[in-house]
Amino acid sequence: QVQLVESGGGSARPGESMRLSCAVSGLAVEYYAIGWFRQAPGKEREPVSCISSGEGKTFAPDSMRDRFSVSRDTAKNIVDLQMPTLKPEDTAVYYCATGPNYCSGFLLGTVSPAFDSWGQGTQVTVSS
């Protein structure tokens, strides 16, 4: 059974940084794409950043590409999302998910149904 558990969320001030982690069990992150998504209050879920299987190429929508970065540790089976210079509009619940071996939907900025295993989410709140 695939299980994804996010951690590292919390409160931050604008300009601060935060790192979220996604601990994966039931599959090896080296062979599956792991995507990060977020959902702000009253808004639809949106893709943030993704690391593909194999060589681990990263993908993100244009709006996120220069802001966040994703990396993985195949030995620990963990995928991290680095978020430097947080803004109030980054406030959301952040989720990691898997399913395909490629980052389906991320360049288009859509949430692909191919991502069918999700974590429970972790809250990130950015305010002064």
Side-chain angles (χ1 to χ4, degrees):
Q1 183 178 356
V2 178
Q3 187 174 16
L4 300 95
V5 180
E6 302 92 340
S7 62
S11 297
R13 298 182 182 276
E16 293 182 342
S17 63
M18 188 176 290
R19 183 181 70 182
L20 305 181
S21 291
C22 176
V24 183
S25 58
L27 59 81
V29 299
E30 183 178 5
Y31 301 115
Y32 290 84
I34 307 295
W36 281 95
F37 302 80
R38 71 183 185 184
Q39 187 164 17
K43 295 188 177 181
E44 294 186 354
R45 192 169 298 187
E46 62 179 344
V48 175
S49 191
C50 178
I51 186 164
S52 68
S53 64
E55 63 182 294
K57 291 183 66 175
T58 61
F59 299 86
D62 288 345
S63 59
M64 305 285 185
R65 190 164 298 137
D66 295 329
R67 295 205 55 226
F68 304 135
S69 62
V70 61
S71 62
R72 71 185 181 193
D73 184 328
T74 56
K76 296 181 179 179
N77 225 38
I78 288 174
V79 175
D80 286 346
L81 179 70
Q82 300 280 359
M83 304 188 295
T85 319
L86 286 163
K87 302 176 180 180
E89 52 264 41
D90 295 322
T91 295
V93 178
Y94 285 73
Y95 301 88
C96 59
T98 189
N101 58 10
Y102 60 99
C103 293
S104 176
F106 276 80
L107 292 181
L108 296 174
T110 60
V111 179
S112 170
F115 286 89
D116 55 6
S117 295
W118 292 78
Q120 82 289 347
T122 185
Q123 176 71 47
V124 173
T125 303
V126 185
S127 68
S128 54

Counting only N and O atoms by type, is there a donor-acceptor contact under 3.5 Å from the side chain of [X] to the main-chain atoms of [Y]?
| X | Y | value |
| --- | --- | --- |
| Asn77 | Ala23 | no |
| Arg45 | Gln39 | no |
| Thr58 | Ile51 | no |
| Arg67 | Val48 | no |
| Gln82 | Arg19 | no |

So [Y] and [X], do their side chains get closer than 4.5 Å, heavy atoms only?
| X | Y | value |
| --- | --- | --- |
| Glu6 | Gln120 | yes |
| Leu81 | Ser49 | yes |
| Val111 | Pro47 | yes |
| Arg38 | Phe68 | yes |

More than 12 heavy atoms of other groups within 6.0 Å of Glu89 CD
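Enclosed.
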Distance, nearest 0.5 Å, that separates [atom1] of [X] from [atom2] of [Y]:
| X | Y | atom1 | atom2 | answer |
| --- | --- | --- | --- | --- |
| Leu107 | Asp62 | CG | CG | 8.0 Å |
| Ile78 | Ser7 | CD1 | OG | 7.5 Å |
| Ser11 | Glu16 | OG | CD | 10.0 Å |
| Asp66 | Thr85 | CG | OG1 | 11.5 Å |
| Ser25 | Leu4 | OG | CG | 7.5 Å |

Val124, Val79, Asp80 screened by side-chain contact (heavy atoms from CB on, under 4.5 Å) with Leu20, the one that passes
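Exactly one candidate clears the test, Val124.
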For [X] and [Y], work out which heavy atoms get closest and say how close.
| X | Y | value |
| --- | --- | --- |
| Tyr102 | Pro100 | O-CG, 3.2 Å |
| Pro14 | Ser128 | CD-N, 3.8 Å |
| Ser53 | Asn101 | OG-O, 2.7 Å |
| Leu86 | Ala12 | CD1-CB, 3.8 Å |
| Pro84 | Ser17 | CA-CB, 3.8 Å |
| Tyr95 | Gly119 | CD2-O, 3.6 Å |

Is there a path of hydrophobic side-chain contacts, each under 4.5 Å between heavy atoms, that joins Phe59 and Ile34?
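In one cluster with Phe59: Ile34, no.
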If you measure from the Lys or Arg side-chain nitrogens to the Asp or Glu carboxylate oxygens, is any gap between Lys87 and Asp90 under 4.0 Å?
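The answer is no: the pair does not qualify as a salt bridge.
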Ring pair (Phe, Tyr, Trp, His ring centres under 6.0 Å) contacts touching residues 19-50 (sequence neighbours left out)
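Matches after skipping sequence neighbours: Phe37-Phe106, Phe37-Phe115, Phe37-Trp118.
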